[in-house]
There are 2 protein chains.
Amino acid sequence: MSRINKDGFNEECKKDHREIYGIAYTQNLLSGRWKYLILWFLKFKPHRYNEIKTLLWGISQGSLTKQLRELEADGLINRKVYPEVPPRVEYSLTSKGEQLIPIIDLMEEFGKKFGDKLD
Amino acid sequence: MSRINKDGFNEECKKDHREIYGIAYTQNLLSGRWKYLILWFLKFKPHRYNEIKTLLWGISQGSLTKQLRELEADGLINRKVYPEVPPRVEYSLTSKGEQLIPIIDLMEEFGKKFGDKLD
DNA sequence: CTGTATCCATGGAGATACTG
DNA sequence: CAGTATCTCCATGGATACAG
């Protein structure tokens, strides 16, 4: 899903409907196939790289690393490296990231109600 | 953003974390660059094709039609055609679609809080 | 006014091999 | 263990022309 920039709205919208900026901003942060699930998984407790990879069966290393980096760059997760051998890296939610959890919980609730099966 | 199917999770997840299905289901319904904004716009009142197109300045006709068809197929919006000349078509939320509004409102709230500007 | 049909560009995501 | 570096593929979305 491509990102939305502020040129993508007409003048009336820019003047009267600043809500749209908010929606687009949040959507941009969550663009990417796995980000909702990563954040949802981290809401319980910090998790290591491989734990996330195991949960998201089928994600490639390249994709996972990229999504984690984007989440980190957007200030939604923390990345903590423990200088051990073998290396250990734990990801956790930032306070900003925690504030997305209610949204994800609502999506879960909606999906439980309507989504008997995935297609 | 590509859709997620149920094969995309490992066995432990399938057994213990059915929440993931719900999140993925909802995410799939909302995959697409403009769907959040279309639903948000319809929450106020039904709107015509060209009203939506005007709001989403920059969307092509092909893309808009496709997204509207998908929303309709997923049961989130109604499409009502008035047999007039020139033709008039109004789109409105279904009850299922209305239940996504709280999610979009939360996204708007989050974006207002953190998204001073779009990039 | 509300679309349909066609083609094309883009970027997200997966596969694979390699590394500190 | 936790990545990085390439390469490829394909779905999404945009542009354009045309139509009922």
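Protein chains get the first letters and strands the later ones, always in sequence-line order, with residue 1 at the start of each.
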Sugar-phosphate or base contact per nucleotide [nucleotides 15-20 of chain D; S, B, -; heavy atom under 4.0 Å]: B-B--B
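Atom-to-atom, NZ of B:K53 to C1' of D:dG13 comes out at 14 Å; the value is rounded to the nearest Å. Atom CG in A:L56 sits roughly 16 Å away from atom C1' in C:dG12 (whole-Å rounding). Atom CG in B:L37 sits about 15 Å away from atom C1' in D:dG13, given to the nearest Å. Regarding B:R69, its CZ atom lies at a distance of 18 Å from the C1' atom of D:dT12, rounded to whole Å. Rounding to whole angstrom units, CG of residue A:N28 and P of C:dG11 are separated by 14 Å.
Classification of A:E108 and A:K112 as a salt-bridged pair holds, one side-chain N sitting under 4.0 Å from a carboxylate O. A salt bridge links A:D105 with A:K43; the closest basic N to acidic carboxylate O contact falls under 4.0 Å.
Using a 4.0 Å heavy-atom distance criterion, A:K66 is classed as a sugar-phosphate-only contact. Counting any heavy atom pair closer than 4.0 Å across all strands shown, A:Q67 reaches sugar-phosphate atoms only and no base atom.
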Residues B:I38, B:L55; criterion side-chain contact (heavy atoms from CB on, under 4.5 Å); working and verdict: CA-CA 9 Å; B:I38 293 171; B:L55 174 80; over 6 Å; no
Worked verdict on A:L76 versus A:L93 for side-chain contact (heavy atoms from CB on, under 4.5 Å): CA-CA 6 Å; A:L76 300 177; A:L93 292 181; over 6 Å; no
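Here the side chain of A:N50 is nearest to one of C:dG3, C:dC1, D:dC1, namely D:dC1. Residue B:R79 has its side chain nearest to C:dT2 when only D:dA2, C:dC1, C:dT2 are considered. When distances are taken from the side chain of A:Y91 to each of D:dG3, C:dT2, D:dG14, the shortest belongs to D:dG3.
Distances shorter than 4.0 Å separate some side-chain N or O of B:W34 from OP1 or OP2 on D:dG14.
To the nearest 0.5 Å, atom CG of residue B:N78 and atom CD of residue B:E90 are 11.0 Å apart.
Annotation: A:F110 is in aromatic contact with A:F114 [ring centroid separation under 6.0 Å].
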